[in-house]
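Since we're looking at a predicted model, the values are computed, not measured.
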Amino acid sequence: MKLLAGIALAAVTAMPVAAQDYPSQPVQLTAPYGPGGASDLAARNLANVAPDYLGQPVLVTNRAGAGGATGSAYVKNSDPDGYNLLLARIGSHSISPALKSSMPYEWDDFTYLSLLEINPAACATATSKPYQSLEDLRAAIEASPGAVTYSSAGVGTLHHLGGIMLLDEMGFEDPGTAATHIPFQSGGAAAAAAATGQVDFVCSNISAIISQIEGGQLRPLVVTTPERVDSLPDVPTASELGHPALEALVGWSGLVGPPGLSDETIATWVEVLQEVAADERWVNQTKSLGSVPMMLSPEETVAFVENQYTTFRGLVEELGLQID
């Protein structure tokens, strides 16, 4: 795990006295997807611990819609005073900007404070479904094109592009129509639809479906990590099954603000997040959700997100998936 850059901590020490007034009121943290999904869980995990080091409450608000764009645009257009921040996700800040030409923002229209975690992904089906393996699912799709369904938290989310990536890796000529995409309002709703058999499968962050897997409702067919996941030791990796390209399907959470946040506000959060990264409560809860803690400096976070955006943009262009 990388630690936050020491140079940023030096900036905290050098803050002018006036900057010490921030924060003087609660900070609003927007989760751009609905309750129960990876964004919501990561936001509330951070909000439970950060106030101990920030000195003010962190209040989580769900502003779902448009694949994460509604809540993200709200924060992007907020005053850059540090009191409206965003729990950014791979869908809202890497996939959707790469997939949609009509987004109300670009991926880099924000002040990046830190990456928080990465989320290994899995594709899973209800235990009530007949699919015991990825090959079983592929055979069903081949037998009845368009009849098999998969859920997502909306167009342009990890679930959506993950489903298309899976279908492409399975060798279907038109991955956009080989199976039918069913969008829902949140990652939690997409997971529930798969767990109850309303749809045939879902490709999701493990953190958002781990409870249904542990509860025996979902059967994971593949994980996208290079190595098997400790919490799912019997589930094969994408590379083991001959689909290494699926390793690009790894979610993440980050803390961002609107453009123009002051250096002093950034430095305050750099210091707070280093404390959070060392807090066992946050670390243990992050791991319990199936995620990997990974705090990065603001500069490292920008480089990470840019690389993710570039990867998905290349995939969108290759498969002709651009959405107007």
- Query: Does atom CD of Glu106 have more than 12 heavy-atom neighbours from other groups under 6.0 Å away?
  - Reply: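 Not buried by this count: 12 neighbours or fewer within 6.0 Å.
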- Query: Should we count CD of Glu247 as having more than 12 external heavy atoms under 6.0 Å?
  - Reply: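 More than 12 within 6.0 Å, yes.
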Would you name the heavy atoms of [X] and [Y] that are closest together and state the gap between them?
X: Ser72; Y: Leu86; answer: OG-CD2, 3.6 Å
X: Tyr53; Y: Val272; answer: O-CG2, 3.8 Å
X: Asp79; Y: Pro258; answer: O-CG, 3.7 Å
X: Leu87; Y: Ala42; answer: CD1-CB, 4.0 Å
X: Ile209; Y: Ala124; answer: CD1-CB, 4.2 Å
X: Gln308; Y: Ala248; answer: NE2-O, 4.4 Å

Does any part of the side chain of [Y], heavy atoms only, come nearer than 4.5 Å to the side chain of [X], both counted from C-beta?
X: Leu296; Y: Phe304; answer: yes
X: Val302; Y: Asp108; answer: no
X: Leu221; Y: Leu137; answer: yes
X: Leu85; Y: Val27; answer: yes
X: Pro298; Y: Val270; answer: yes
X: Pro97; Y: Tyr309; answer: yes
X: Leu46; Y: Leu273; answer: yes

Do the side-chain N and O atoms of [X] and [Y] include a donor-acceptor pair separated by under 3.5 angstrom?
X: Ser288; Y: Gln285; result: yes
X: Gln212; Y: Arg219; result: no
X: Ser253; Y: Glu117; result: yes
X: Thr125; Y: Asp200; result: no
X: Asn62; Y: Asp40; result: yes
X: Thr268; Y: Thr265; result: no
X: Tyr112; Y: Ser297; result: no
X: Arg281; Y: Asn45; result: no
X: Gln198; Y: Ser151; result: no
X: Asn307; Y: Thr310; result: no

- Item | Residues Val305, Val256; criterion side chain to side chain contact (heavy atoms under 4.5 Å, CB included); working and verdict | CA-CA 12 Å; Val305 177; Val256 310; over 6 Å; no
Do side-chain atoms of [X] reach the backbone of [Y] as a donor and acceptor pair under 3.5 angstrom?
X: Arg63; Y: Tyr74; answer: no
X: Thr225; Y: Glu227; answer: yes
X: Thr180; Y: Thr149; answer: no
X: Tyr33; Y: Gly154; answer: no
X: Thr237; Y: Thr224; answer: no
X: His159; Y: Cys203; answer: no
X: Ser94; Y: Gly91; answer: no
X: Asn119; Y: Trp252; answer: yes
X: Asp168; Y: Ile164; answer: no

If hydrophobic clusters are built by linking Ile, Leu, Val, Met, Phe, Trp and Tyr wherever their side-chain heavy atoms come under 4.5 Å apart, do [X] and [Y] end up in the same one?
X: Ile182; Y: Val148; value: no
X: Val222; Y: Phe172; value: yes
X: Phe201; Y: Leu241; value: yes
X: Val155; Y: Trp107; value: yes

At what distance, to the nearest 0.5 angstrom, does [atom1] of [X] lie from [atom2] of [Y]?
X: Asn84; Y: Lys76; atom1: CG; atom2: NZ; answer: 14.5 Å
X: Arg89; Y: Ile95; atom1: CZ; atom2: CD1; answer: 9.5 Å
X: Asp81; Y: Leu261; atom1: CG; atom2: CG; answer: 8.5 Å
X: Met103; Y: Asp109; atom1: CE; atom2: CG; answer: 10.0 Å
X: Thr301; Y: Met294; atom1: OG1; atom2: CE; answer: 10.5 Å
X: Leu218; Y: Cys123; atom1: CG; atom2: SG; answer: 11.5 Å

- Query: Taking it one step at a time, do Thr177 and Asp174 satisfy side-chain hydrogen bond (donor to acceptor under 3.5 Å, both in side chains)?
  - Reply: CA-CA 6 Å; Thr177 61; Asp174 187 355; 3.0 Å; yes
- Message: Set out, in order, the CA-CA distance, both residues' side-chain angles and the distance that settles side chain to side chain contact (heavy atoms under 4.5 Å, CB included) for Met295 and Trp282, then state yes or no.
- Response: CA-CA 12 Å; Met295 291 281 189; Trp282 180 82; 3.8 Å; yes
- Query: So, are Asp230 and Lys287 salt-bridged, with charged N and O less than 4.0 Å apart?
  - Reply: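 Looking at Lys287 together with Asp230, the answer is no, because their closest N to O distance does not fall below 4.0 Å.
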- Item | Set of residues satisfying ring-ring contact (aromatic ring centres under 6.0 Å, His included) with respect to His181, sequence neighbours excluded |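 Scan of His181 (ring-ring contact (aromatic ring centres under 6.0 Å, His included), adjacent residues dropped) gives Tyr150, His160.
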- Task: Please say which of Pro26, Pro23, Pro51 ends up in a side-chain contact (heavy atoms from CB on, under 4.5 Å) with Val58.
- Result: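 Exactly one option meets the side-chain contact (heavy atoms from CB on, under 4.5 Å) with Val58, and it is Pro51.
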- Message: If you apply the rule side chain to side chain contact (heavy atoms under 4.5 Å, CB included), what do you find for Leu59 with Leu29, and how did you get there?
- Response: CA-CA 6 Å; Leu59 308 177; Leu29 178 58; over 6 Å; no
- Query: Which is it for Met170 and Met165 under the side chain to side chain contact (heavy atoms under 4.5 Å, CB included) test, yes or no, and what are the steps along the way?
  - Reply: CA-CA 9 Å; Met170 286 177 170; Met165 288 176 67; over 6 Å; no
- Item | Tyr105 ring center near Phe110 ring center (under 6.0 Å) |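 Close enough - the centres of the two rings lie under 6.0 Å apart.
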